[in-house]
Colleague: 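Here it is, the structure in full.
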Amino acid sequence: MAISQSIGINVKGIISLVPKNVEDNESLDILTESEREALIKHTGIRFRRVNPNNDIGVKDYFNAGVEKLLKKLNWDKESIDILICVTQTPKIAIPSVACQIHGDLEFESQTMCYDINSGCSGFVYGLHTVSQLLAGINKPEARAILCSGDISTSLIDPLDRSVRPIFSDAVSVIGIENTDDESITGYFNLETMGKGQHAIRTEPEANGDSFMRLNGIDVFNYSVSYVPVNIQKLIETSGKSMNDMDTFVFHQANKLINDSIAKKAGLEPIKVMSSLYEYGNTASASIPVTLGLNWSKIERKSNWILISGFGVGFSIASAMIHFNPEICEPPEEIELN
Amino acid sequence: MNFERFKEIISEEFNLPVMDVDGDLEFRNMETWSSLHALLFIARINEEEGVMLSSSDLAGCKILKDIHELIVHK
């Protein structure tokens with residue numbers, strides 16, 4: 001896709017929710033002590049959040065997040081024009097998670113709803129979709145809610161030594177508003193390398209289960225070969241420079257991949273944020289989770305940030321966005337019953 | 001990359017004494033061979049040589065000499 005722009009879009013608020021239940025890689029019994037030590041050192045991942053109740057799904061976390069965000073932004077449900085959910089872990093295939101949230105929380109009929117099936121690049125894809133939809137609504141303060149996140153542990157084989165130590169559960173809910181400002185507020189570069197579709201995929205088991213399997217070497221290859229190029233192209237086309245960015249936030253794949261990308265893209269390490277140690281790889285919530293965790297520490301000069309999601313597909317989505325939200329909070333622990 | 005340097009990298013990434021690293025060694029039989037260590041090795045080769053090995057590249061290799069040949073000719 002050609003590089004695209006958004007105009008007059010304002011990200012008003014970001015909140016994230018994580019299960020209270022924590023798994024510590026330092027005591028993960030499927031690895032030996034030396035494997036645990038090497039894993040934490042090289043992936044950067046110590047703690048992961050795990051949804052403890054199989055009856056609770058991603059929709060339930062989104063429901064709680066949407067209610068909290070509406071309250072914090074002082075938005076009425078009646079004012080919401082668009083509700084988009086980015087997830088790959090719905091508990092049921094039909095209807096869409098967005099329609100379930102609409103029904104559970106009793107939104108008005110004028111709110112359009114649908115899901116986007118996208119993983120680690122999903123937050124940027126969702127932001128792009130919402131930005132274009134808002135631009136098409138002839139209303140100065142049109143509002144959208146973007147839900148982005150996964151209960152990835154529902155797809156994890158507990159004995160899989162490559163996948164289990166990496167993935168973690170989290171959801172983020174983002175409030176986005178149209179303004180009458182006609183300046184550019186975002187540049188997007190969305191790409192797909194479908195030949196990498198086998199690098200991360202679910203595979204059925206004989207007993208009917210379906211687990212996510214990961215080819216770590218191929219994920220590394222695609223990430224390190226294509227993401228820096230995608231970012232460079234975005235920067236060149238936008239006419240901005242790396243120095244114009246207050247911070248760089250990548251999908252939280254693992255430390256080895258993220259450090260390699262940052263180095264190849266020539267980014268200042270001090271401006272690259274992480275949430276790997278605290279929350280692991282939180283799939284399509286990883287960028288907002290990382291933003292929320294670090295936002296109070298970021299020195300803000302331009303109010304422009306660079307974000308980049310990459311993974312399942314193989315899908316790559318980078319964006320430079322104007323970002324000055326009223327709310328950008330660290331993840332909140334939640335227990336749902 | 002000459003074979004001596006390749007041996008040093010294998011030794012460091014797989015925690016083996018360099019004298020035990022032999023071109024005819026079937027790398028999948030190394031005690032420390034794991035998906036994580038293989039990934040670290042791939043990353044190291046990419047950083048030092050600018051060569052990116054894929055999982056299908058490795059699938060076509062049996063002994064360490066095969067990997068070295070691949071790196072040299074890629």
Side-chain angles (χ1 to χ4, degrees), chain A residues 25 28 30-45 157 159-167 193 195-201 212-229 253-266 281 314, chain B residues 1 3 5-21 23 25-74:
Chain A
N25 278 342
L28 191 59
I30 56 171
L31 301 176
T32 64
E33 192 177 341
S34 62
E35 286 172 333
R36 290 195 288 264
E37 194 183 318
L39 177 108
I40 294 169
K41 181 180 172 194
H42 296 291
T43 66
I45 298 169
D157 173 356
L159 298 178
D160 190 322
R161 293 148 52 90
S162 299
V163 175
R164 186 172 162 197
I166 304 292
F167 286 90
M193 310 291 169
K195 62 185 175 180
Q197 63 180 291
H198 303 292
I200 311 168
R201 61 185 303 184
M212 174 165 51
R213 302 296 180 190
L214 179 92
N215 182 323
I217 291 174
D218 287 350
V219 172
F220 178 85
N221 278 1
Y222 280 103
S223 304
V224 175
S225 300
Y226 296 115
V227 176
V229 179
N254 65 51
K255 186 174 183 300
L256 183 69
I257 289 177
N258 286 28
D259 285 355
S260 300
I261 291 173
K263 198 171 173 187
K264 289 208 175 204
N281 179 334
F314 199 90
Chain B
M1 172 180 280
F3 192 67
R5 178 67 192 136
F6 175 75
K7 278 170 66 176
E8 284 170 13
I9 293 175
I10 291 287
S11 160
E12 287 164 21
E13 294 301 335
F14 294 97
N15 300 321
L16 284 174
V18 74
M19 64 184 73
D20 291 350
V21 181
L25 189 63
E26 294 189 20
F27 54 87
R28 290 184 187 83
N29 293 338
M30 294 191 303
E31 205 177 310
T32 47
W33 179 265
S34 69
S35 56
L36 178 62
H37 284 94
L39 179 57
L40 293 170
F41 167 69
I42 298 287
R44 181 82 180 270
I45 294 296
N46 179 248
E47 190 175 346
E48 288 206 13
E49 290 293 300
V51 171
M52 191 66 92
L53 298 176
S54 68
S55 59
S56 55
D57 288 336
L58 280 186
C61 297
K62 190 177 177 192
I63 57 177
L64 286 176
K65 216 161 26 182
D66 297 337
I67 303 178
H68 181 251
E69 285 290 307
L70 201 61
I71 294 166
V72 170
H73 293 107
K74 207 165 180 184

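Note on naming: letters A, B, ... go to the chains in the order of the sequence lines (proteins, then strands), and numbering restarts at 1 for each one. Being a predicted model, the structure only gives us computed values, none of them experimental.
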Colleague: Given heavy-atom pairs under 4.5 angstrom as the criterion, report whether the side chain, backbone, both or neither of A:S260 touches chain B.
Modeller: neither
Colleague: Could you tell me whether A:K264 atom NZ has more than 12 heavy atoms of other residues or ligands within 6.0 Å of it?
Modeller: yes
Colleague: Does anything in residues 54-73 of chain B get under 4.5 Å of chain A by heavy atoms, and if so which residues?
Modeller: B:S54, B:S55, B:L58
Colleague: Please report the shortest heavy-atom distance between A:R164 and A:D157, naming the atom on each side.
Modeller: CB-O, 4.3 Å
Colleague: Which region of A:N221, side chain (C-beta onward) or backbone (N, CA, C, O), has a non-hydrogen atom less than 4.5 Å from a non-hydrogen atom of chain B, or is it both or neither?
Modeller: both
Colleague: Mind listing the closest non-hydrogen atom pair of A:P228 and A:S223 along with its distance?
Modeller: CD-O, 3.5 Å
Colleague: Using a strict threshold of under 4.0 Å (side-chain N to carboxylate O), is an ion pair present between B:E8 and B:R5?
Modeller: yes
Colleague: A:L256, A:N254, A:V219: which one forms the most heavy-atom pairs within less than 4.5 Å of chain B?
Modeller: A:L256
Colleague: Only pairs of heavy atoms separated by less than 4.5 Å count here; which of B:L36, B:L40, B:I42, B:N15 has the most with chain A?
Modeller: B:L40
Colleague: Minimum heavy-atom separation for A:L39 to A:P165, with atom names?
Modeller: CD2-CB, 3.6 Å
Colleague: Evaluate whether atom CD of B:E12 has more than 12 neighbouring non-hydrogen atoms of other residues, nucleotides or ligands under 6.0 angstrom away.
Modeller: yes
Colleague: What do you reckon, is NZ of B:K74 surrounded by more than 12 foreign heavy atoms closer than 6.0 Å?
Modeller: yes
Colleague: Just so I know, are the side chains of B:M1 and B:I45 near enough to count as touching, which here means a heavy-atom distance under 4.5 Å?
Modeller: yes
